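Taking it in order: structure first as structure tokens, then the write-up.
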Amino acid sequence: MTVRTRFAPSPTGYLHVGGARTALFSWLYARKHGGQFVLRIEDTDLERSTAESVNAILEGMTWMGLDYDEGPIFQTDRFERYNEIIQQLLDDGHAYKCYCSKDRLDELRETQMANKVKPRYDGHCLKNKAEDADAPHVIRFRNPVGGDVVVNDLIRGKIAFSNDELDDLIIRRTDGSPTYNLTVVVDDMDMNITHVIRGDDHLNNAPRQVNILKALAAEPPIYAHVPMILGDDGSRLSKRHGAVSVMQYREEGFLPEALLNYLVRLGWSNGDQEIFSIDEMTSLFDIDDVNKAPSSFNTEKLEWLNQHYIKEADPEHIANLLAPHLGKLGIDPTQGPDLIKVVEAQQERANTLVEMADISTFFYEDYKEFDEKAAKKNLRPVAAEAMKKIREALAGIETWSEDAIHSAIDDVAAALEVKMGKVAQPLRVAVVGRAASPGIDITLFLVGQEACLRRIDRALAYIEVRANETAS
RNA sequence: GUCCCGUUCAUCUAGAGGCCUAGGAUAUCGCCCUUUCACGGCGAGUACAGGGGUUCGACUCCCCUACGGGACGCCA
């Protein structure tokens, strides 16, 4: 048996991390077993499905590298097939027409809730024949009465549901469109899906689907309901928790490999291992090892992984990804030092590409103003002498190189009989405008001789103003 | 309310009856390295929801309670 899994999102929004993880698990499972992975768009809700959402989902899948062997298959293209099955169900007595108004159903629901019972359809139209068979109606699946339905779940084991808890669900709306529980069953059956891996918000749908499958004399697939992802506060993940859209993580400077690695470890583990390449995930992943309990999304750990992958990546690759982020800050990285060199200098210092762009602007343009704290601490009148000396030394360098810069700083420190830090730190603030930067040599080198001298002059002017202020 | 699922450090998790004085990772806090910030190294604190069983022995098995989540749509 060839393993066939699917990811079946409804196009009513962007691809969020919960869906992305489900997709990842399904994808990994198919890849691990040399099977196929199908992408199916569940767009039967004509009102809420949008083309933008379809694009957003496709874009997210592509960015994450979750390629599919079949699809995207759109359910709206398969209405004919669903109707065929519905007719079959009707003919076999497994379904019936229901003419109940929404008002009646709402009322029914309310009374049931008030009586503290589970809201269910009361089978009114099964007992009473309508006078006009062609009047507007929906079609309901006739759920078996009595007995249990057993859902065999790879993650949770056998779960029994009493048929009496289930009601006769609508499989076709008044407008003629089929509903989720019907389409999912027909598709999984037609597409020979062997393993249905999905969020456990679908766990309660499973028994209904098994019943429909039985009515169709079809074998149910193997189910695996993965627990949901919660926000960092333990509540259901929502926009309120920050980025939940996969594409937003890209915008915020995350690498897909970091997100993938983070997601695979959410609810799944392989001993103590934290870092997984795609190949490792593929070979090690197993549904059996997925946890039953829901987990909370923790951005800090994602950031750690992101930093890890930024650190490990090829600088050129990072440079390509970083360029657009610099662009957003109004910087053209082709005008200035080699971006790859900048990346090499910053690689260990950023959690995200956005952060890296932010701490790299001074390589390309003069800072707007000094970081107040850093200036206050380092650009003091006592630093003026060293600053002047170092300016002179730097100005005298003929071939601008890290070595030459290093020697210049060394010499000044030696001449003044102070530690290197006494010279380097004020110099750093003078050149980059803030307290932190990569090593002083590489920083000055990449900033360039001319810009360095210009900025040192600016710092000296700042110190002078300050000295006068203190004096008066 | 009814049904379903779940519960190990703040967070992600290891743990398949004795290996557990419960391990790792992130975060936090120290120390070291150091020209800053990072990186790296070393170290610290923090958890088996509670109560009953079963057993020579329970984080591991069973039951109850509490808490959390999900479902109850002419949404998926």
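Predicted model, so just to flag it, every value in this text is computed and none were measured.
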Leu105(A): partners by side-chain contact (heavy atoms from CB on, under 4.5 Å), with sequence neighbours left out: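 Leu105(A) satisfies side-chain contact (heavy atoms from CB on, under 4.5 Å) with Cys100(A), Tyr121(A), Arg140(A) only.
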Who pairs with [N] - Watson-Crick or G-U, where each distance is under 3.5 Å:
N: U2(B); answer: A71(B)
N: U7(B); answer: A66(B)
N: G43(B); answer: C29(B)
N: C20(B); answer: none
N: U54(B); answer: none

Where Ala206(A) and His225(A) come nearest, the two heavy atoms and their spacing: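 Result for this residue pair: CB-CE1, 3.9 Å.
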Determine the Euclidean distance between corresponding [atom1] atoms of [M] and [N]; express it in Å to zero decimal places.
N: A58(B); M: C19(B); atom1: C1'; result: 15 Å
N: A14(B); M: G24(B); atom1: C1'; result: 7 Å
N: C20(B); M: G15(B); atom1: P; result: 14 Å
N: U11(B); M: U46(B); atom1: P; result: 16 Å
N: C32(B); M: C37(B); atom1: P; result: 13 Å
N: U60(B); M: A22(B); atom1: C1'; result: 12 Å
N: A47(B); M: U7(B); atom1: C1'; result: 12 Å
N: U26(B); M: G73(B); atom1: C1'; result: 40 Å

State whether a side-chain donor-acceptor pair under 3.5 Å links [X] with [Y].
X: Gln209(A); Y: Asn181(A); answer: yes
X: Ser101(A); Y: Asp103(A); answer: no
X: Thr76(A); Y: Asp43(A); answer: yes

So, Tyr309(A) versus Phe254(A), ring centres under 6.0 angstrom or not?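 Judged by ring-centre distance (under 6.0 Å), Tyr309(A) and Phe254(A) do not meet the cut-off.
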Kindly state whether the ring of Trp27(A) and the ring of Phe7(A) have centres lying under 6.0 angstrom apart.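 Ring centroids of Trp27(A) and Phe7(A) are no less than 6.0 Å from each other.
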Within the structure, does a side-chain N or O atom of Arg109(A) lie under 4.0 Å from either OP1 or OP2 of G73(B)?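 Checking G73(B) against Arg109(A), a side-chain N or O does come within under 4.0 Å of OP1 or OP2.
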G73(B) OP1/OP2 closer than 4.0 Å to side-chain N/O of Lys102(A):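 No, outside the criterion.
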Let's test your reading of the model: under 3.5 Å, does the base of [N] pair with the side chain of [X] as donor and acceptor?
X: Thr174(A); N: C74(B); answer: yes
X: Arg156(A); N: C5(B); answer: no
X: Asn181(A); N: A76(B); answer: no

Give the rounded distance in Å between these two atoms: [atom1] of [X] and [atom2] of [N].
X: Arg140(A); N: G73(B); atom1: CZ; atom2: C1'; result: 10 Å
X: Asp187(A); N: A76(B); atom1: CG; atom2: P; result: 12 Å
X: Asn163(A); N: C72(B); atom1: CG; atom2: P; result: 18 Å

Does anything in residues 146-180 of chain A pair up under ring-ring contact (aromatic ring centres under 6.0 Å, His included), and if so which pairs, sequence neighbours excluded?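 Every pair satisfying ring-ring contact (aromatic ring centres under 6.0 Å, His included) with a residue in residues 146-180 of chain A: Tyr180(A)-His202(A).
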With a 4.0 Å cut-off on N to O distance, would you call Lys388(A) and Glu392(A) a salt bridge?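 A salt bridge is absent here (no side-chain N lies under 4.0 Å from a carboxylate O).
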I'd like to know if Arg208(A) and Asp167(A) make a salt bridge, using a cut-off of under 4.0 Å between side-chain N and carboxylate O.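 Asp167(A) and Arg208(A): salt-bridged.
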Which residue, Asn351(A) or Ile159(A), contacts RNA chain B at a nucleotide closer to its 5' end, judged by nearest heavy atom?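 Result: Ile159(A).
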Residue closer to the 5' end of RNA chain B, Ser177(A) versus Arg428(A) (nearest nucleotide):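 Comparing both residues, the 5'-ward one is Arg428(A).
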Can you sort out the partners of Gln425(A) under side-chain hydrogen bond (donor to acceptor under 3.5 Å, both in side chains), two or more places apart, ordered by chain and number?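 Expected list: Arg428(A).
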Please enumerate all residues that pass salt bridge (Lys or Arg N to Asp or Glu O under 4.0 Å) together with Lys301(A), with sequence neighbours excluded.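 Lys301(A) satisfies salt bridge (Lys or Arg N to Asp or Glu O under 4.0 Å) with Glu274(A) only.
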If you check the Asn204(A) side chain, which of G6(B), A76(B), G70(B) turns out closest?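 Side chain of Asn204(A) sits closest to G70(B).
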Choosing from C3(B), C5(B), A76(B), which nucleotide comes nearest the side chain of Leu203(A)?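 Within the option list, the nearest is C5(B).
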At under 4.0 Å between heavy atoms, what does [X] touch on the DNA or RNA strands: base, sugar-phosphate, or nothing?
X: Gly439(A); answer: base
X: Met113(A); answer: base
X: Pro438(A); answer: base
X: His202(A); answer: base

Contact letters for nucleotides 10-27 of chain B, in which S counts primed atoms plus P, OP1 and OP2 and B counts the base, heavy atoms under 4.0 Å: -SBSS--------BBBSS
What residues from residues 38-48 of chain A pass a heavy-atom cutoff of under 4.0 Å to RNA chain B?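 Those residues whose heavy atoms fall under 4.0 Å from RNA chain B, taken from residues 38-48 of chain A in numerical order, are Glu42(A), Thr44(A), Asp45(A), Arg48(A).
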